[in-house]
Amino acid sequence: MSLRSVVRDHPLWLLAGIVLLGAIGYILSSFIGLVVVGLFVYYAARPVYRQLVARIGHPTIAAGLSIITLVLPMFLLVGYALLIVSRELRRLTNVPAFGPRQLGIDPETYSRLTDPSFLLSPAAQELLTGAFSGSILDSVVSVAETATTLGVILINLLAVAVFAFYLLRDDDRLARWFHTTLDTRETVFAAFLRSVDRDLSSIFFGNILNAIITGTIAVIAYSVLNVFAPAGAAIPAAALVGLLAGAASLIPIVGMKIIYVPVALYMAVRGVLTAGGESLWFVALFAVVSIVVVDSIPDFLLRPYVSGKNVHIGSLMLAYILGPLFFGWYGLFLMPALLVVVVQFAMVVVPSLDLGSSPAPHDTQSTLQRFADTGVAERSATEQPPTSASDDESGET
């Protein structure tokens with residue numbers, strides 16, 4: 001049924017559908033940050049989910065395992081890296097907003113958690129005996145009694161996990177229902193959706209996830225390296241260097257080398273001038289960890305899954321930069337997604353509109369339906385020219 005016939009025969013149902021879509025859009029706009037993060041988690045976990053489905057054969061179990069094995073550890077590692085970064089920012093800027101009280105953490109617990117030397121020391125055995133974990137629990141309880149921050153964070157994380165879980169499990173079913181109900185298979189609209197899906201997978205899984213994982217690994221690795229640094233040879237602002245390295249991984253060609261190469265050169269010059277070159281072994285260790293652990297391993301693991309290179313890298317970098325400035329923290333995910341939609345509309349839909357050409361007379365078929373081959377055979381059969389009587393007579397003679 002065409003859209004024109006729906007408007008003519010069922011105007012009230014069409015109006016009701018528009019009202020319902022408007023209500024859903026209004027509700028989702030209030031939680032746009034959770035929606036885009038859930039969409040990012042869906043694309044990040046989808047390669048793992050598809051491999052598990054192929055082996056297990058049960059979509060619900062595969063979706064649950066994908067969330068548990070990938071998303072939850074990622075949130076924990078990213079959260080710990082952000083704690084270390086907050087300590088570094090507080091040390092350099094002395095901004096109260098980065099203090100433990102503002103983060104809802106006991107100051108003593110905060111100092112221990114954000115100090116990698118404590119986690120590597122014998123005192124960390126308290127984690128196994130339960131003394132330190134008890135202090136963490138007391139801190140959590142005190143926060144829960146005085147504020148709702150922890151509850152809000154947990155509810156948001158649960159909403160993101162649930163949204164990503166059902167997208168993983170039911171995405172094929174939802175796509176089949178959509179294409180069957182609206183009869184959009186083998187149309188420009190279907191090709192547009194496939195292109196958007198491909199490039200969103202490339203951007204969310206290939207680029208942003210790579211930057212998050214790289215930044216997390218770099219923050220933890222550099223902070224741990226500083227534990228073994230000789231006197232006066234430590235990595236300057238190790239956590240911030242790791243965070244910048246993760247962000248720089250979005251830059252094409254050079255990537256994070258634009259961060260750790262100048263830092264390594266600075267450390268080498270400083271070591272020669274201050275210690276006579278005795279600390280150059282630590283500079284070499286920093287370079288090896290940066291090249292192998294921070295740069296090569298995440299890129300090697302994620303590169304096979306990266307697909308879709310239709311988005312111009314310059315416009316993509318602008319989306320990464322301007323997104324958080326325009327929308328807030330979730331703009332890092334939302335602006336690239338909007339860019340993908342606009343680019344694929346220009347590449348897939350606009351060429352099918354035949355802009356600038358005069359329309360054929362008596363051609364009332366819509367542009368999107370022009371690519372459907374359902375009625376081509378019937379129309380060609382009915383438009384065959386009738387056989388004339390003279391032809392019949394000549395055939396009989």
Side-chain angles (χ1 to χ4, degrees), residues 1-46 63 67 71 75 147-184 187-190 192-197 199-201 203-204 208 311 315 318-346 348-350 366 368:
M1 183 180 294
S2 64
L3 180 60
R4 180 177 300 178
S5 61
V6 171
V7 175
R8 183 181 64 251
D9 300 334
H10 307 284
L12 294 180
W13 283 117
L14 181 62
L15 179 61
I18 294 175
V19 171
L20 289 176
L21 287 178
I24 294 175
Y26 175 76
I27 294 174
L28 292 180
S29 65
S30 302
F31 303 96
I32 186 63
L34 297 180
V35 173
V36 294
V37 172
L39 196 63
F40 159 71
V41 171
Y42 160 73
Y43 279 105
R46 193 169 68 173
I67 298 296
V71 177
F75 279 146
T148 60
T149 304
L150 183 63
V152 172
I153 293 175
L154 292 178
I155 290 175
N156 289 337
L157 291 179
L158 179 62
V160 169
V162 170
F163 181 68
F165 171 82
Y166 283 106
L167 274 182
L168 287 172
R169 195 191 69 173
D170 300 328
D171 56 352
D172 290 338
R173 185 186 308 175
L174 180 62
R176 285 195 303 268
W177 173 87
F178 184 85
H179 288 302
T180 302
T181 304
L182 301 182
D183 193 19
T184 58
T187 62
V188 172
F189 186 68
F192 169 71
L193 292 181
R194 285 194 298 268
S195 300
V196 169
D197 177 74
D199 281 350
L200 284 181
S201 178
I203 289 174
F204 283 157
I208 297 181
V311 181
S315 59
L318 286 177
Y320 289 140
I321 296 173
L322 299 179
L325 297 178
F326 189 79
F327 294 106
W329 63 269
Y330 60 86
L332 179 65
F333 308 97
L334 181 58
M335 184 69 85
L338 294 177
L339 176 65
V340 166
V341 173
V342 172
V343 169
Q344 292 304 328
F345 184 87
V348 177
V349 178
V350 172
S366 66
L368 295 183

Start with the C-alpha gap between L339 and L318, add the side-chain angles, then the distance that decides, and say whether side-chain contact (heavy atoms from CB on, under 4.5 Å) holds. CA-CA 10 Å; L339 176 65; L318 286 177; over 6 Å; no
Tell me every residue that passes side-chain contact (heavy atoms from CB on, under 4.5 Å) with I321, counting only those two or more places apart in sequence or in another chain. none
Quick check: do L39 and F333 have side-chain heavy atoms less than 4.5 Å from each other? no
Which heavy atom of A63 sits nearest a heavy atom of L168, and at what distance? CB-CB, 4.1 Å
Nearest heavy atoms of S201 and Y43, plus distance in Å: CA-CD2, 3.6 Å
When every non-hydrogen atom of A164 is compared with those of G38, the smallest separation belongs to CB-O, 3.8 Å
Sequence neighbours excluded, which residues qualify as side-chain contact (heavy atoms from CB on, under 4.5 Å) partners of L193? F178, H179, F189
Within the structure provided, determine whether V37 and N156 are in side-chain contact (heavy-atom separation under 4.5 Å). no
Y330: which residues meet the side chain to side chain donor-acceptor pair (under 3.5 Å) condition with it, sequence neighbours left out? none
For D171, the side chain to side chain donor-acceptor pair (under 3.5 Å) test, sequence neighbours excluded, returns Y42
Can you tell me how far apart OG (S315) and CG (L322) are? Round to the nearest 0.5 Å. 11.0 Å
Are the side chains of F163 and L34 in touch, meaning some heavy atoms are under 4.5 Å apart? no
Going by heavy atoms in the side chains, are I32 and L334 under 4.5 Å from each other? yes
Which distance, rounded to the nearest 0.5 Å, do you find between the CG of D197 and the CD of Q344? 10.5 Å
Does any non-hydrogen side-chain atom of W329 lie less than 4.5 Å from one of P324? no
Tell me whether T180 contacts the main-chain N or O of R176 through its side chain, where contact means a donor paired with an acceptor under 3.5 Å. yes
Residues in side-chain contact (heavy atoms from CB on, under 4.5 Å) contact with V162, at least two apart in sequence or another chain: L158, Y166
Using salt bridge (charged side-chain N to carboxylate O under 4.0 Å, His left out) as the criterion, list what pairs up with D170, not counting sequence neighbours. R173
On the 0 to 90° scale, with breaks at 30° and 60°, tag the F40-F204 ring pair as parallel, tilted or perpendicular. perpendicular
Over all atoms of both residues, closest heavy-atom pair of V340 and I203: CG2-CD1, 3.1 Å
Given side chains that start at C-beta, do those of M335 and F327 come closer than 4.5 Å, heavy atoms only? yes
